[in-house]
Colleague: 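Pasting a structure below so you can have a look.
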Amino acid sequence: MSKKDNFDLDKYLFHQGNHFKAYEFLGAHPEADGNIRFITWAPKADHVQLACNHNDFTGRDMDFEPLGENGLWIYRTAQLSKGDTYKYRIHFDGVSHLKADPYGFYHEKRPNTASIVYLDDFKFTDDAWLEKRRKSNVYQSPISIYEMHLGTWMKHPVSDTGGLTDDELTDLAHYSYREAAKALIPYLTEMNYTHVEFLPLTEYPFDLSWGYQVTGYFSATSRYGNPEGLKFLINELHKAEIGVIMDYVPAHFCRDDHGLRLFDGTPAYEHPDERIADKRQWGTLTFDFGRPEIQSFLVSAAMYWFREFHVDGLRIDAVHSMIDLNFENHEPHEKIYNSDGSETNEGGVEFLKKLNTAVFDYDQSLLMMAEDSSDTPMVTSPVDKGGLGFNFKWDLGWMHDRLSYMDKDFSHRDYFHNRMTFSLAYKYNENYVLPLSHDEVVHGKKSIVGKMYGDQWQQFAQARLLYGSQMSEPGKQLLFMGQEIGMYHEWKDREQVDWHLLDYPDHQNLKKYVRDLNRFYRTHEEFYRADYEPEGFRWLVVDDAEHSIFSYTRNAGKKFKICILNYRPDVYHDFKIPVPYPGTYREIFNSDSTEYSGSGVVNDGRHFSFAERHIREDQHIKVTVAPLAFHVFEIETNSDGGMKNDV
C-alpha cells in the first residue's frame, strides 16, 4: 500500500467519532490522476468488491484492500467516471450482499437502488444572505416557517397514456428542484414567510414514508432532479431572503436490503441489542448512537447539508425515540434499564450533544430544532450547561392543547379554559416553536379547518383565530402547506394541495389573512423581539372562562401591543380590557374584517382609557369584541415616539 493510502488523521478521527467531514474521506471521490477512489466501512466483512455497471454488478476483478485494521476498505479505478452506477458487494460468512454507498452523493431513482458517481461544480451566489444570517440574532428575529412536502405541494397535470407505471406517472407530475424554484419562491414571498421547511429531501426508497425512512444520508433525493438542482433551489431561496430548513432523521433508518441494515452481514449501523434496535412502530431500526463510527457518520451527514448545500437549519425528527430506551416499551416485561436503573438512552443523549456542539462550533447562526414529544428538561440549553444543545424545540403541548380546546362545543369551553393557559406556565423553560405541522393533518386527524367546532363560517373564523394566537404568543411559528388556504381534506400524500379551492371566497380570503398576518408579524417587533424573555409577555385577561376571552400584551422594550382573543361566537359590546398605560388606543388588526370573510365587527376610531376607582395605574378601555376573533390594539404615540396621554 502506498504512503498516500495511510489517511492517518482521517482514520483516527473517524474511529474516535470525531470526523465531522467524513464524507470527504469515505464514499466515491475523484483523484488528481484520474482515478475514482472508493472507501467504505464494513468492520466484519471478509471481503469487499465494487459491483458496478462495468462488471454487471458482480464485483468481478474489482477487489478492495483493507485500509488499516478497523474495518475500512479502499479501492481505486479509472474505469468509472461521473454517471456510472455502483454498489458494494459485501462478503461475510460465505454470503454476499449488495449495498448502496452509505456516503453516496447521488442515487438512482426508485425502484432502482444503485449509487451514482457524482460530481458537480455548482457555485453559490448567496454570500449576502449568509452574511446577513451570521449577523442576526435568531432568538430576536421573526421566524415564520412554511412547512411543505416538495412532491405534493404542486404538481404538473399528467394523464396515463398507457404503459406507464405508478412511479413513472408520479415522477412526471413532480416539479423538479429547478421548477419548484420558479413556482415556490414567488409564493413564499407573496405570503411573507421568512423560512421554508422541507420534509426530508435525503434519498429514500418508499414514497409514502415522506422521506422519514432514509437510505442516502448524503444524497438529495433523485425524485426531483440531481443534487445541483437542489443547490440551485436553495441558492435562489436565499437570494429571495428566505431561509431553508430541512428535516433530518438520525433517529432510525429503513430495513431495505440495499440500505444500512446488516451492512457487513452484522449489525454495523444499528444497535446490536435487537430490543433497542427495533422500532416496531415505524418498522425501522435504531442507530447504535454510542458507536464512534456512527457518530462520525451522523454528525458528518448533518454538517454536509450545512457546508455543501448552505441549509440554514435542521429539524431533528423523533428526538424522544433517541433518548428513551423505552420509547415503545410500555409493558413491564418489555422494559429495558441501564445498570443504574435509569431508562435513558445514554448513547442517544451523548450523540445529540456532540451533534449540536459540532454544528454551533461551525456557525452560531444556524437553527437546530428538536421535534421532541417528551418532557425532558433543558433540550434548548447549551451542552456546557448540561442541556442537549438545541436552540429551538417544537412545543407539541401547545399544539395539542389548542386543537383539543377548539374542537369543543362553545358552551363547554369554560370547562377546558386552562388548556389555553397551561403552555404559558412553562413557556420560558425552552426556546419554543409553535407548530401546526404535517403530523396534525394526516391519517384521520382532519385538516386544521376540519378540526374546528361549528358550522363552516365558525370553522374558518376559528382557523383565523388560531393562526392569530400562534402569531401573537411567545415563540416562533410553523404552518404546514394547504392549511393557509383552508383545505377541507387532510394532507393527501399522493396529490397536490387543493389549489382549486382558491376559486372560492372563504379560501381565498383565508390565504389573504395568512399573508397579512405574516406581514403584520414581521413589521411589529413586539411579536418576536422578546419571545424568550418573560418581559416580552404579560397577561391582561386570563381567567374569564365565562366569556372564553383572553388578553395579553406583547412587548419589546417600551413598545407593546394588546391582543384580545374571543373563543365564542358571541359579540361583546363595551367589554372592559385592562391596559398597561393610560392613553388613547386604536385597533390595528382584526381577523373579523370582511376582507377575511369575517362578520365585520371592528373597532373604528379612538378608544380612551379610563381609571377604575380613580387609580391612575388601574386603566382599561372599552371595546367591541368580535365573534371568534383575534384583535390587536396599540397605544397612540407622539411624533417623538412617546405615548400620548389623553386621560
Side-chain angles (χ1 to χ4, degrees), residues 136-148 187-199 241-245 247 312-313 315 367-372 380 390-403 406 420 423-424 426-428 430-441 447-449 451 462-486 510-511 513-533 536-537 550 552 554 556 561 563 565 589 591 630 632:
S136 68
N137 181 323
V138 295
Y139 307 107
Q140 296 180 357
S141 300
I143 296 181
S144 178
I145 304 165
Y146 187 69
E147 186 194 31
M148 61 176 291
Y187 186 77
L188 295 173
T189 301
E190 174 197 359
M191 295 300 291
N192 296 299
Y193 282 101
T194 66
H195 291 73
V196 60
E197 179 177 326
F198 294 109
L199 272 60
E241 298 196 332
I242 298 167
V244 178
I245 302 167
D247 279 12
D312 303 287
R315 176 261 198 185
L367 306 175
M368 290 295 287
M369 297 182 169
E371 189 263 328
D372 175 27
T380 58
F390 291 93
N391 53 1
F392 292 98
K393 174 183 175 176
W394 279 20
D395 190 350
L396 299 177
W398 173 90
M399 176 270 299
H400 285 297
D401 287 347
R402 290 297 177 279
L403 295 179
M406 297 183 77
M420 301 298 284
S423 66
L424 275 302
Y426 62 78
K427 181 59 64 178
Y428 301 104
E430 307 281 0
N431 302 323
Y432 284 113
V433 173
L434 308 182
L436 295 169
S437 76
H438 69 280
D439 280 330
E440 306 316 312
V441 294
S447 67
I448 293 296
V449 165
K451 292 175 188 290
Q462 288 184 95
R464 297 191 299 272
L465 175 57
L466 173 62
Y467 299 159
S469 166
Q470 181 189 38
M471 183 281 291
S472 63
E473 291 188 34
K476 311 310 180 185
Q477 54 193 289
L478 175 146
L479 185 65
F480 185 58
M481 67 179 195
Q483 308 316 302
E484 78 278 16
I485 68 168
L510 181 60
K511 175 176 176 278
Y513 173 76
V514 173
R515 179 200 69 188
D516 292 354
L517 190 68
N518 282 337
R519 180 170 58 234
F520 184 79
Y521 166 69
R522 295 179 67 168
T523 54
H524 292 90
E525 64 177 342
E526 296 93 325
F527 294 106
Y528 61 79
R529 184 68 68 188
D531 275 331
Y532 307 111
E533 301 167 14
F537 176 90
F550 302 85
Y552 44 81
R554 291 303 311 276
K561 297 289 186 286
C563 303
L565 301 94
F589 196 87
S591 69
F630 167 68
V632 180

Colleague: Assess the residue pair W394 and S437 against the criterion (side chain to side chain contact (heavy atoms under 4.5 Å, CB included)); give the C-alpha distance rounded to whole Å, side-chain angles, the decisive distance to 0.1 Å, and a yes or no.
Modeller: CA-CA 10 Å; W394 279 20; S437 76; 3.6 Å; yes
Colleague: Who passes ring-ring contact (aromatic ring centres under 6.0 Å, His included) against F198, sequence neighbours left out?
Modeller: none
Colleague: What's the verdict on side chain to side chain contact (heavy atoms under 4.5 Å, CB included) for H195 and L367, showing C-alpha distance, side-chain angles and the deciding distance?
Modeller: CA-CA 11 Å; H195 291 73; L367 306 175; 4.0 Å; yes
Colleague: Is the side chain of S591 donor-acceptor paired with the backbone N or O of R464 at a distance under 3.5 Å, no angle test?
Modeller: no
Colleague: Just jot down the salt bridge (Lys or Arg N to Asp or Glu O under 4.0 Å) partners of K511, sequence neighbours excluded, or say none.
Modeller: E190
Colleague: Which word best sums up how the rings of F520 and H524 line up, parallel for under 30°, tilted for 30 to 60°, or perpendicular for over 60°?
Modeller: tilted
Colleague: Suppose we screen for salt bridge (Lys or Arg N to Asp or Glu O under 4.0 Å). Which residues come up paired with D516, at least two apart in sequence or across chains?
Modeller: R519
Colleague: Looking only at heavy atoms, which two atoms of P435 and D395 are closest? And how far apart?
Modeller: CD-O, 3.5 Å
Colleague: Between S469 (side chain only) and L465 (backbone N and O only), is there a donor and an acceptor less than 3.5 Å apart?
Modeller: no
Colleague: Say whether, by atom type as modelled, one donor and one acceptor occur between the side chain of E526 and the main chain of R554 under 3.5 angstrom.
Modeller: no
Colleague: Taking the six-membered ring where the residue is Trp, are the ring centres of Y139 and F392 under 6.0 Å apart?
Modeller: yes
Colleague: Would you say the side-chain atoms of Q470 pair up with the backbone N or O of L434, donor to acceptor, closer than 3.5 Å?
Modeller: yes
Colleague: Kindly compute the distance separating OG (S472) from CZ (F589), expressed to the nearest 0.5 Å.
Modeller: 10.0 Å
Colleague: Measure the CG-CZ distance between L565 and F630 for me, rounded to the nearest 0.5 Å.
Modeller: 6.0 Å
Colleague: Can you find a side-chain donor-acceptor pair between S144 and Y528 that sits under 3.5 Å?
Modeller: no
Colleague: May I have all residue pairs that pass salt bridge (charged side-chain N to carboxylate O under 4.0 Å, His left out) and include part of residues 475-486, sequence neighbours excluded?
Modeller: K476-D531
Colleague: State plainly whether the residues E473 and R402 are in salt-bridge range, i.e. N to O under 4.0 Å.
Modeller: yes
Colleague: Measure up the Y426 and Y432 rings against each other and bin them: parallel (under 30°), tilted (30 to 60°), perpendicular (over 60°).
Modeller: perpendicular
Colleague: Under a 3.5 Å threshold, yes or no: a donor from one side chain and an acceptor from the other, between N192 and Y521?
Modeller: no
Colleague: Could you tell me if the side chain of I145 sits less than 4.5 Å from the side chain of M369, heavy atoms only?
Modeller: yes
Colleague: Tell me whether D401 contacts the main-chain N or O of M420 through its side chain, where contact means a donor paired with an acceptor under 3.5 Å.
Modeller: no
Colleague: What distance separates I448 CD1 from E440 CD, expressed to the nearest 0.5 Å?
Modeller: 7.5 Å
Colleague: Just to verify, what does Y467 make a ring-ring contact (aromatic ring centres under 6.0 Å, His included) with, not counting sequence neighbours?
Modeller: none
Colleague: Using side chain to side chain contact (heavy atoms under 4.5 Å, CB included) as the criterion, list what pairs up with R529, not counting sequence neighbours.
Modeller: Q140, E525, A556
